[in-house]
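Hydrogens, waters and symmetry mates play no part in the numbers below; they use all other heavy atoms, side chains included. Numbers here simply count residues along the sequence, with the first being 1.
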Amino acid sequence: MPAAECGCPRPAGRPGPPAPAAQRRGPAQLADDVAETTRQKFEQLRVAFSHGVLCYELFTLVADAAQLALEQALRDRFCAHHRGQALAVRDRRGHEHRITMTSPTDFFDELRNIRGPEIRMGSAPEWKPFNGMLTGLLTWARREGLLRGQRNRNSEPVHRALRNIVAHGTYHLDTPVEAARALSDLAEIINHLWGRPTPGGRLYPAPLSRSVVAIGWNDHGEKTTAGYADQLAETRDEESFTYILVRAVFCPGGVTDPNLLEFDARSATTAFPAQYLWGPGSREEALVWLAHHQPESDLCDYLDQAVLVRVHDGHIGLPVYPGVAAGLPAAEQRGTWHALRVDRGPDALAHLRALADAVAGHAKEGECQVCPVDTLATGDLAAVLKAARGAGTDTTPLHVPDVRTPFAQWLAGSAT
């Protein structure tokens, strides 16, 4: 494999790398429109955490109580969402009941009197079990689009397990780090339930900034480098380098795509969405293009992105973005295609490889409970593009050259 380096000093005037998430946000804060009962519970935990230096056991109590506070927050959001509505609830015999959301106490008292309650969630017509507890509330929030992200979905059973450990478990002792993580994660989830992403967040981050980046490699592909494109004029290559220009998540010392040097113009091989702009060519040619087009930075949201994977003649291709697939030559559109909702493109490849190897537990349709992938459709390219459009993805055909870095060339050769 080629060697990699990422030597890119920050030019004057460019903002420095962001501080760690906790430092940027300061103590965990809730959005202004969060329900008051949820806010009060959260403030109790914040105060208790601040006293942990005086009583170490308080850190454990905060971490445990955060698991219970999540259920409170979900219940408050459920009530706010349905406030004033008459909610249809079906019992185990199929009889429908109407419960008006006048107050949380009255609603859940009536719900408990119905045996085997089910409700409809989101736009789906199916009835889903719902008893007002954590499992049902998490399912409801996801079906209503209040919780996002396939990796977050994969961790939701962990929230249920932790909640049960707190309620029924034995003595344990958590560290301040674990308590701080629990409190920070709780704040992120609560804020997202009320439609507020968290800048620099771990679970529900605000959209990430993408910079214009130059990726270069030498003639033999033994050296690969990346840096801000506006620094190319200051670069003096000791040997001949070939460059491409991309728009990608890149901030040395801050959030940088860990797979950036695996960029493939036609494949979703990077951790965060990256966009091909120009190349390949020499440094001088790149500078001319930059001066003429003057591309700017933008923002990208990577949670629940749709990618497509082609399976043809027993070969599983690399994941591609729908617009790129729509613009491929006809010969490269043949085969069986899969449309998958993921947070990271490589997750789609791992899922399909597991299916090909008949690994137990992986789902061919819908949400996989083993890995962070939701299969939207399987069929020819037209069918999966339609599913991607239904998921809110732009499928306008994009015609990009078949160009990739030496690292990506190695990755493409390893696809099966």
Side-chain angles (χ1 to χ4, degrees), residues 124 126 128 138-139 142-143 147-158 160-161 258-259 262-274 302-328 330-393 395 402 404 407-416:
E126 298 85 6
K128 296 288 185 180
L138 283 169
T139 302
R142 183 157 287 277
R143 294 295 176 264
L147 293 179
R148 303 169 56 232
Q150 294 306 303
R151 295 191 174 194
N152 289 329
R153 176 183 61 79
N154 248 196
S155 70
E156 284 162 13
V158 177
R160 295 193 286 268
N259 299 346
E262 299 169 10
F263 176 81
D264 185 321
R266 289 188 174 181
S267 302
T269 53
T270 51
F272 305 118
Y302 63 91
L303 295 184
D304 287 334
Q305 56 182 301
V307 298
L308 309 184
V309 178
R310 177 192 185 215
V311 180
H312 185 55
D313 291 337
H315 175 82
I316 302 174
L318 294 174
V320 300
Y321 294 113
V324 173
L328 289 174
E332 297 180 35
Q333 294 185 358
R334 302 190 187 104
T336 301
W337 288 82
H338 302 262
L340 308 111
R341 183 184 283 120
V342 295
D343 295 338
R344 308 286 176 93
D347 290 344
L349 179 61
H351 175 69
L352 287 174
R353 283 178 170 175
L355 287 177
D357 293 339
V359 178
H362 288 267
K364 294 182 178 180
E365 300 177 353
E367 296 175 343
C368 182
Q369 301 306 311
V370 178
C371 60
V373 171
D374 179 11
T375 300
L376 302 173
T378 300
D380 61 16
L381 182 57
V384 297
L385 285 174
K386 180 179 179 181
R389 283 193 296 273
T393 302
T395 61
D402 188 12
R404 59 185 63 85
F407 274 98
Q409 184 67 44
W410 175 84
L411 183 64
S414 70
T416 59

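- Taking CD from E367 and CG from D374, the interatomic distance works out to 5.0 Å, rounded to the nearest 0.5 Å.
- Side-chain atoms of H351 come within 3.5 Å of backbone N or O of A363 as a donor-acceptor pair.
- Looking only at side-chain heavy atoms (C-beta outward), Q305 and P273 come within less than 4.5 Å of each other.
- D264 approaches A408 most closely through the heavy-atom pair CB-CB, 4.1 Å.
- Rounded to the nearest 0.5 Å, atoms NZ (K128) and OG1 (T139) are 8.0 Å apart.
- Taking each heavy atom of C368 and G361 in turn, the nearest pair found is SG-O, 4.3 Å.
- Summarising the geometry of L340 relative to A348, their closest heavy-atom pair is CD1-CB, 4.0 Å, with the distance given to 0.1 Å.
- Side chain of T395 to backbone of R389: no donor-acceptor contact under 3.5 angstrom is found.
- In this structure, the side chains of L385 and L308 come closer than 4.5 Å at one or more pairs of heavy atoms.
- I316 approaches A356 most closely through the heavy-atom pair CD1-CB, 3.8 Å.
- We find the CZ-CG distance between R143 and L138 to be 11.0 Å, quoted to the nearest 0.5 Å.
- Residues A325 and V320 approach most closely at CB-CG2, 3.7 Å, considering heavy atoms.
- Counting heavy atoms from C-beta on, the side chains of Y321 and V307 come closer than 4.5 Å.
- Remark: the backbone N or O of L328 is paired with a side-chain donor or acceptor of Q333 at under 3.5 angstrom.
- Considering H312, R310, R266 as possible partners of E332, the one that fulfils the side chain to side chain donor-acceptor pair (under 3.5 Å) test is R266.
- With contacts defined as side-chain heavy-atom distances shorter than 4.5 Å, the pair L318/T269 qualifies.
- Between D304 and the choices R341, Q150, R153, the side chain to side chain donor-acceptor pair (under 3.5 Å) rule is met once, by Q150.
- Put simply, CZ on R353 and NE2 on H362 are 13.0 Å apart, with the number rounded to the nearest 0.5 Å.
- Going from atom OG1 of T270 over to atom CG of N259 covers 7.0 Å, rounded to the nearest 0.5 Å.
- Here the straight-line distance linking atom CG of L376 with atom OG1 of T393 works out to 8.0 Å at 0.5 Å rounding.
- In this structure R151 satisfies the salt bridge (charged side-chain N to carboxylate O under 4.0 Å, His left out) test together with D347, sequence neighbours excluded.
- The nearest pair of heavy atoms linking V384 to A377 is CG1-O, 3.8 Å.
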